[in-house]
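What follows is a single structure, written as structure tokens, with notes after it.
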There are 2 protein chains.
Amino acid sequence: MTVTVAAAERLIRIGEVARGAGVSVRAVRYYEQQGLLIAERSPSGQRLYRQDAIPLVRFFQQMFAAGLTSRRITELLPCWDAGHTDAEQRAMLRAERERIQAKIDDLQAALDHLDKVIAITDTHP
Amino acid sequence: MTVTVAAAERLIRIGEVARGAGVSVRAVRYYEQQGLLIAERSPSGQRLYRQDAIPLVRFFQQMFAAGLTSRRITELLPCWDAGHTDAEQRAMLRAERERIQAKIDDLQAALDHLDKVIAITDTHP
DNA sequence: CTTGCCTCTGACGCTAGCGTCAGGTTTTAG
DNA sequence: CTAAAACCTGACGCTAGCGTCAGAGGCAAG
């Protein structure tokens, strides 16, 4: 008979989070300052994170790349954490979705434009 | 018998350029400061533009949206103006192309991520 | 013990594309 | 002629996500 015990999760320090997610230590501190990432503290004051902080930071990077501000991300975090959403949050999700789609379209148009020029300059050196 | 005369192009002032391209007057001045857009000057010192300045400014906007800096755009302008390109410029064109494509891919991934969350929060209110 | 790496809290710096205000000239409409 | 609208040159401000430096404490290894 086996008994499963809730294993005390190994907490990691800020450097490990930063390396794991491919960002700077400064960036991780900044995320905390913006309310994106809450850390426990060791008795001596060092930040301690759960391991899922690493994918979370990666996720922040993805959203930043998509043009969301840290403020928007904090407002949308409950949609992930709890699965709980109100009408306002769903509207924000859709609005950001549309923004991103529009941005993709703009980028695609710019890409097409550049490709034309590349084609011309290649056949016409 | 009809004689075609090279019609003296009607020059426009900065306000018309700005309205035509959907940007601010300040932006147009900024482009000049960055070396993107050269303007003639009237005797009193006002900037005078040819009408193709409007599509040019639109193009700048498109490139800005694609993440190119004004510096890069100035370096690539000869590719449009003269059709003349050297190897370095062609390499820059390709590099920018790759950057934009990578950015599109990132945005698409973020969009897919958001769509998943939207689907969850919709079926699971 | 001390060497060396990691972490801490401020706090200022940076970039890029403008916004905006100040104070003055020019052009245009009536 | 005159008032409004448009234009000019500085020059400082703003945002957002960090970089970077300063000065000080924490922590495992030899």
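Every chain is numbered from 1 and lettered A, B, ... according to where its sequence line falls, protein lines coming before strand lines.
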**Request:** Would you please confirm or rule out a distance under 4.0 Å between OP1 or OP2 of D:dG17 and any side-chain N or O of A:Y30?
**Result:** yes

**Asked** Salt-bridged, A:R13 to A:E16, with N to O below 4.0 Å?
**Response** no

**Request:** Round to a whole Å and report the spacing from CE of B:M63 to P of C:dG17.
**Result:** 13 Å

**Message:** Does any part of the side chain of B:Q61, heavy atoms only, come nearer than 4.5 Å to the side chain of B:R58, both counted from C-beta?
**Reply:** no

**Asked** With a 4.0 Å cut-off on heavy atoms, is B:R47 in touch with a base, just the backbone sugar-phosphate, or nothing at all?
**Response** sugar-phosphate

**Request:** Mind calculating the distance between CD (B:E32) and P (D:dT9) to the nearest angstrom?
**Result:** 7 Å

**Complete:** Residue pair B:R71/A:Q46 against DNA chain C: nearer the 5' end by closest nucleotide is A:Q46

**Asked** Which of these nucleotides, C:dT28, C:dT26, C:dT9, is closest to any side-chain atom of B:S44?
**Response** C:dT26

**Asked** Quick one: does B:Q89's side chain have a donor or acceptor within less than 3.5 Å of a partner on B:D86's backbone?
**Response** yes

**Prompt:** Any idea which of C:dG17, C:dC6, C:dG19 is nearest the B:S24 side chain?
**Reply:** C:dG19

**Message:** Between A:S42 and D:dG26, is there a contact of a side-chain N or O with OP1 or OP2 at under 4.0 Å?
**Reply:** no

**Message:** Using whole Å, what does the distance between atom P of nucleotide D:dG10 and atom CD of B:Q33 come to?
**Reply:** 10 Å

**Message:** Between A:Y31 and D:dC18, is there a contact of a side-chain N or O with OP1 or OP2 at under 4.0 Å?
**Reply:** yes

**Separation of atom CD1 in A:I12 from atom P in D:dC27, rounded to whole Å** = 17 Å

**Asked** Counting only side-chain N and O atoms of B:Q61, is one of them less than 4.0 Å from OP1 or OP2 of C:dC18?
**Response** yes

**Asked** How is B:L36 classified with respect to the nucleic acid when contacts are heavy atoms under 4.0 Å: base, sugar-phosphate, or nothing?
**Response** nothing

**Asked** Counting any heavy atom closer than 4.0 Å, what does A:S70 reach on the DNA or RNA strands: base, sugar-phosphate only, or nothing?
**Response** sugar-phosphate

**Fill in**
Whole-Å distance, B:R13 CZ to D:dA5 P, equals 14 Å

**Asked** How are the rings of A:F60 and A:Y31 set to each other: parallel, tilted or perpendicular (split at 30° and 60°)?
**Response** perpendicular

**Request:** Look at atom CZ of A:R99 and say whether more than 12 heavy atoms of other residues, nucleotides or ligands are closer to it than 6.0 Å.
**Result:** yes

**Asked** For the pair made of OH in A:Y49 and P in C:dC8, what is the distance, rounded to whole Å?
**Response** 7 Å

**Asked** Where the side chain of A:R29 is defined as all heavy atoms beyond and including C-beta, which of C:dC8, C:dT27, C:dC18 is the nearest nucleotide?
**Response** C:dC8

**Asked** Heavy atoms, side chains only, cut-off 4.5 Å: are A:R41 and A:L48 in contact?
**Response** no

**Item:** For atom CG of A:L48 and atom P of D:dG26, their distance in whole Å
**Value:** 15 Å

**Message:** Under 3.5 Å, is there any donor-acceptor pair linking the side chain of B:R26 to the base of C:dT20?
**Reply:** yes

**Request:** Give one of base, sugar-phosphate or nothing for B:R19, where a contact means two heavy atoms less than 4.0 Å apart.
**Result:** nothing

**Asked** Could you give the CD1-to-C1' distance, from B:I14 to C:dT28, as a whole number of Å?
**Response** 18 Å

**Request:** Classify the nucleic acid contact of A:R72 as base, sugar-phosphate or nothing, counting any heavy atom under 4.0 Å across all strands shown.
**Result:** nothing

